[in-house]
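Scope of the values below: all heavy atoms of this structure, side chains included, with no hydrogens, waters or symmetry mates.
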Amino acid sequence: MATAHTTHQTDPMTESESIAYDVVVLGAGPVGENVADRTRAAGLSTAIVESELVGGECSYWACMPSKALLRPVLAHADARRLPGLSRAVRGPLDAAAVLARRNDYTAHWKDDGQVQWLDGIGADLYRGHGRLAGPRTVAVTGPDGERHVLTARHAVAVCTGTRAALPDLPGLADVRPWTSREATAAQEVPGRLVVVGGGVVATEMATAWQALGSQVTMLVRGKGLLNRMEPFAGELVAEALTEAGADVRTGTSVESVTRENGTVVVVTGTGDRIEADEILFATGRAPRTDDIGLDTVGLEPGSWLEVDDSLRVTGSKWLYAVGDANRRALLTHQGKYQARIAGAAIAARASGVPILESDPWGAHAATADHDAVPQVVFTDPEAASVGLSLAEAEQAGHRVRAVDYDLASVSGASLYGDGYRGRARMVVDMEREILLGVTFVGPGVGELIHSATIAVAGQVPISRLWHAVPSYPTISEVWLRLLEAYRDN
Ligand SMILES: Cc1cc2nc3c(=O)[nH]c(=O)nc-3n(C[C@H](O)[C@H](O)[C@H](O)COP(=O)(O)OP(=O)(O)OC[C@H]3O[C@@H](n4cnc5c(N)ncnc54)[C@H](O)[C@@H]3O)c2cc1C
């Protein structure tokens with residue numbers, strides 16, 4: 001264990017010896033790691049508690065394995081659209097090789113590398129389940145039942161993330177459904193896979209497994225896919241999934257699900273019966289706050305933790321909630337952004353600096369959470385957005401105009417091949433003439449979205465965007481076309 005500035009005293013509540021740190025971080029996912037990194041960089045002694053693998057959901061059952069599965073799928077799709085290359089890549093993907101590469105990406109579900117990194121920054125790792133045991137106190141029960149009590153002079157940061165939320169269907173546990181964990185870690189390609197849900201995890205995993213050889217049926221309760229984005233994102237992705245061979249059924253709920261002699265049998269709300277080898281429920285996330293002792297500090301177990309812009313829990317002077325656990329944006333990059341801010345806020349307050357009060361838009365406030373959250377959905381086509389959709393902007397009372405452009409008409413996109421399909425939209429605040437949101441859908445747009453993030457977060461006036469000249473011939477030229485469409489209509 002790395003050395004930190006620990007002192008020993010007796011905890012009056014438990015009468016066991018407690019170890020005092022400046023900061024205790026609960027959960028060593030990407031967000032907890034980054035809080036610890038910032039507080040250690042500020043010279044604060046820091047303990048971090050992890051019940052599973054250091055690196056969290058993102059490294060082993062979410063971002064990394066899902067993108068490792070999807071990268072070959074998207075590269076293959078790009079190649080098949082390109083004359084001169086398409087004939088060379090006619091065959092199916094080598095699923096075994098894709099799964100093996102995914103296994104390497106997750107370090108075979110071992111966390112030695114990340115433990116070493118924690119050691120390098122001088123944070124003390126406690127393996128085990130952590131629970132608050134009153135103000136500023138975290139009790140850790142280790143894998144062999146050993147117990148440590150940690151006290152925090154300045155802050156406890158809850159970074160416990162989320163788990164998959166399953167619907168309340170009778171007998172579901174007996175079906176042994178896939179959640180995002182099994183969908184990202186499976187070692188074999190199921191012959192038939194039912195995917196329940198139409199959000200990011202559902203569409204990404206349907207894209208991956210259909211391309212790896214499964215016959216995918218998507219059961220989507222709502223009207224379409226990706227319903228938090230502009231409607232054309234879900235439409236283009238559904239169209240492409242259908243062309244790839246998936247059966248996408250919208251307006252369809254699951255009435256019952258059973259497993260009979262190994263086969264999953266689903267009955268839908270419309271009375272259809274579907275048989276499959278596996279069923280994935282990608283039906284939302286729940287906070288992992290049900291068993292972390294929230295009741296000992298007057299908070300509701302199982303709740304999302306409400307925070308201010310410094311990520312401090314409402315009403316508390318010492319408790320922070322960072323990343324997925326506060327529900328502001330269930331994304332690794334946004335959680336790590338919050339972690340940098342929370343770490344800086346904890347350090348500033350530890351040295352007596354008032355922060356939000358003196359500088360509400362400064363380095364100690366996660367303001368981007370409100371209006372400039374970027375997200376990339378790694379489907380074919382990719383869907384990428386930042387800020388508000390048209391509907392969200394209107395709902396928030398802005399006077400806006402949406403400007404659309406067909407991405408296939410941009411010369412950079414035509415280089416991708418004959419079948420390029422995509423669309424772009426910018427949502428303009430007509431009072432301030434700045435962008436409130438941008439959405440791109442099309443192959444390769446994931447790498448384009450940061451330009452939009454800069455425009456939205458920086459509130460760059462449209463008059464200045466004309467001077468940000470996109471290179472020819474890249475897909476970025478869509479910026480010029482959007483500005484022309486805005487000027488001319
Ligand atoms: C399939 C899938 C794909 C995704 N892809 C992307 C993507 O491409 N890009 C992106 O930005 N986001 C993606 N996400 C979201 C991303 O995974 C999360 O936003 C991110 O993991 C949140 O980080 P976190 O540190 O808050 O929580 P987590 O990563 O969930 O980490 C929390 C950690 O806390 C530990 N913990 C929990 N309770 C306790 C306790 N009581 N004691 C000790 N330890 C505890 C857990 O074991 C875990 O290690 C994806 C999610 C899913 C499900």
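- With values rounded to the nearest 0.5 angstrom, Thr106 atom OG1 is found 6.5 Å from Arg102 atom CZ.
- The pair Arg288-Glu52 counts as a salt bridge, with a side-chain nitrogen and a carboxylate oxygen less than 4.0 angstrom apart.
- Taking the side chain as every heavy atom from C-beta outward, Phe281 and Thr179 never approach each other to under 4.5 Å.
- Looking at Arg421, its side chain never comes within 3.5 Å of a backbone N or O of Leu236 through a donor-acceptor pair.
- With Glu392 contributing its side chain and Ser389 its backbone, the two residues share a donor-acceptor pair below 3.5 Å.
- The only option from Val377, Val73, Leu69 that meets the side-chain contact (heavy atoms from CB on, under 4.5 Å) definition with Glu204 turns out to be Val377.
- Comment: Arg80 does not engage Asp78 in a salt bridge, judged by the lack of any side-chain N to carboxylate O separation of less than 4.0 angstrom.
- Judged by distance alone, the side chain of Asp277 and the main-chain N or O of Arg192 form a donor-acceptor pair under 3.5 Å.
- Under the 4.0 Å criterion applied to side-chain N and carboxylate O atoms, Glu33 and Arg38 are not assigned as salt-bridge partners.
- Counting heavy-atom neighbours within 6.0 Å of Arg221 CZ, excluding the residue itself, gives a total of 12 or less.
- The backbone N or O of Ala244 sits less than 3.5 Å from a side-chain atom of Gln210, completing a donor-acceptor pair.
- Using a cut-off of 4.0 Å between Lys/Arg side-chain N and Asp/Glu carboxylate O, Arg163 and Asp290 are scored as salt-bridged.
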Q) Are Arg273 and Val265 close enough, and set up right, to give a side-chain contact (heavy atoms from CB on, under 4.5 Å), and what steps lead you there? A) CA-CA 7 Å; Arg273 181 188 151 96; Val265 179; 3.4 Å; yes
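- A donor-acceptor contact shorter than 3.5 Å links the side chain of Ser66 to the backbone of Cys63.
- Judged purely by distance below 3.5 Å, without hydrogens or angles, the side chains of Asn326 and Glu306 never pair a donor atom with an acceptor atom.
- For CZ of Arg87, the number of neighbouring non-hydrogen atoms (other residues, nucleotides, ligands) closer than 6.0 Å is 12 at most.
- Side-chain contact between Leu299 and Val313: present, with at least one pair of heavy atoms (C-beta onward) separated by less than 4.5 Å.
- Proximity of a side-chain donor or acceptor of His76 to a complementary backbone N or O of Gly91 within less than 3.5 Å is detected.
- Of the possible donor and acceptor atoms, none in the side chain of Ser214 sits under 3.5 Å from a partner among the backbone N and O of Val216.
- Remark: Asp429 engages Arg432 in a salt bridge, criterion side-chain N to carboxylate O under 4.0 Å.
- Look at Asp380 and Arg81 and you find a salt bridge, because one of the NZ, NE, NH1 or NH2 atoms lies within 4.0 Å of a carboxylate O, short of that distance.
- Side chains of Val478 and Leu448 form a contact here, defined as non-hydrogen atoms less than 4.5 Å apart.
- Under the 4.5 Å side-chain criterion, counting only non-hydrogen atoms from C-beta, Tyr420 is not in contact with Leu415.
- In this model, a donor atom of one side chain and an acceptor atom of the other lie less than 3.5 Å apart for Trp479 and Ser451.
- There is a side-chain donor-acceptor pair under 3.5 Å between Arg285 and Thr162.
- Within a 6.0 Å sphere centred on CD of Glu447, heavy atoms belonging to other residues, nucleotides or ligands number 12 at most.
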**Q.** Step-by-step side-chain contact (heavy atoms from CB on, under 4.5 Å) determination, Ile462 to Leu435
**A.** CA-CA 8 Å; Ile462 295 241; Leu435 304 186; 3.8 Å; yes
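- Side-chain contact between Glu275 and Val264 is absent, with no heavy atoms from C-beta onward closer than 4.5 Å.
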Q. Does the side-chain contact (heavy atoms from CB on, under 4.5 Å) test come out yes or no for Ile434 and Val460, once each step is laid out?
A. CA-CA 6 Å; Ile434 56 167; Val460 182; over 6 Å; no
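- With hydrogens and angles left out, the side-chain atoms of Asn103 and Gln187 include a donor and acceptor closer than 3.5 Å.
- Between Asp272 and Arg249 there is a salt bridge, since at least one side-chain N of the basic residue sits less than 4.0 Å from a carboxylate O of the acidic one.
- Glu477 and Tyr405 are not linked by any side-chain donor-acceptor pair at a separation below 3.5 angstrom, with hydrogens and angles left out of the test.
- Side-chain atoms of Gln338 and Asn34 form no donor-acceptor pair, as typed in the model, at a separation below 3.5 Å.
- Within the 4.5 Å cutoff, the side chain of Ile475 has no heavy atoms near those of the Phe440 side chain.
- Contact annotation: the side chain of Val441 never approaches that of Leu407 to less than 4.5 Å [non-hydrogen atoms, C-beta and beyond].
- Between Trp178 and Trp209, the distance separating the two ring centers is shorter than 6.0 angstrom.
- Salt-bridge annotation for Arg176 and Glu278: absent, with no side-chain N of the basic residue lying under 4.0 Å from a carboxylate O of the acidic one.
- Within 6.0 Å of OH on Tyr486 lie more than 12 heavy atoms contributed by other residues, nucleotides or ligands.
- Looking at Ser303, its side chain never comes within 3.5 Å of a backbone N or O of Leu305 through a donor-acceptor pair.
- Without hydrogens or angle criteria, Glu382 side chain to Val376 main chain gives no donor-acceptor distance under 3.5 Å.
- At distances below 3.5 Å, at least one donor-acceptor pair connects side-chain atoms of Gln215 with backbone N or O atoms of Gly245.
- When only modelled atom types and interatomic distance are considered, Ser59 and Gln114 share a side-chain donor-acceptor pair under 3.5 Å.
- By the neighbour-count criterion of 12 heavy atoms within 6.0 Å, atom CZ of Arg401 is densely surrounded, having more than that number from other residues, nucleotides or ligands.
- Between Arg423 and Asp406, no side-chain nitrogen of the basic residue sits less than 4.0 Å from a carboxylate oxygen of the acidic one, so the salt-bridge criterion is not met.
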**Q.** Evaluation steps, side-chain contact (heavy atoms from CB on, under 4.5 Å), between Thr203 and Met218
**A.** CA-CA 9 Å; Thr203 49; Met218 287 188 84; 4.1 Å; yes
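- Looking at Asp309 and His370, their side chains do bring a donor and an acceptor atom within 3.5 Å of each other.
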